[in-house]
Amino acid sequence: RVLVDFGDGKGRLNCFGTSLQHEVLAGGWHKGDRVSILIDHAPSNISKGDVGTVLGPSDLKQADAADRVLVDFGDGKGRLNCFGTSLQHEVLAGGWHKGDRVSILIDHAPSNISKGDVGTVLGPS
């Protein structure tokens, strides 16, 4: 369990980790999401398709900060406050993205999964 403070009027609560998720950020992103950028940002040497990790909300102090998330694009590129709409989930094997709804084409008896069953892509394996 973890102790969570929900603020004035709500107080603190001991919660199972499985009952929590990261705060939903601009564009529906969550801390830790792997994303690719849909635009070029020449000042930071960031190109369309570069992959990064959402670190949290924007650290800018400007009017549109609530529409942005802070993304780390790694060595040589660094961090950039991106509009949530300028990102997509990282492209995974087979061209899938996190959150895609899929239907399986085969049976997998050990997991009781049958051809045609529907699931949600969670990320890379």
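Counting begins at 1 with the first residue of the sequence.
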Considering non-hydrogen atoms only, spot the tightest contact between S58 and A65 and give its length. CB-O, 3.4 Å
Can you name the side-chain contact (heavy atoms from CB on, under 4.5 Å) partners of Q62, sequence neighbours left out? L60, D64, R68
Enumerate, atom names and distances included, each donor-acceptor pair closer than 3.5 Å involving a side-chain atom of residues 3-23, sequence neighbours excluded.
from: D5; atom 1: OD1; to: G7; atom 2: N; distance (Å): 2.8
from: S19; atom 1: OG; to: F16; atom 2: O; distance (Å): 2.7

Testing the basics here: between A66 and A26, what is the closest heavy-atom pair and its distance to 0.1 Å? O-CB, 3.3 Å
Members sharing L55's hydrophobic cluster, built from side-chain contacts under 4.5 Å between Ile, Leu, Val, Met, Phe, Trp and Tyr, are L70
Would you mind listing the cluster partners of V51? Hydrophobic ones only (ILVMFWY), side-chain contacts under 4.5 Å, chaining allowed. none
Can you give the donor-acceptor pairs under 3.5 Å from side chains of residues 97-108 to other protein atoms, not counting sequence neighbours?
from: K98; atom 1: NZ; to: D33; atom 2: OD1; distance (Å): 2.8
from: D100; atom 1: OD2; to: H97; atom 2: N; distance (Å): 2.8
from: R101; atom 1: NH1; to: T120; atom 2: OG1; distance (Å): 2.5
from: S103; atom 1: OG; to: G116; atom 2: O; distance (Å): 3.4
from: D107; atom 1: OD1; to: K115; atom 2: N; distance (Å): 2.7
from: H108; atom 1: ND1; to: S111; atom 2: OG; distance (Å): 3.1

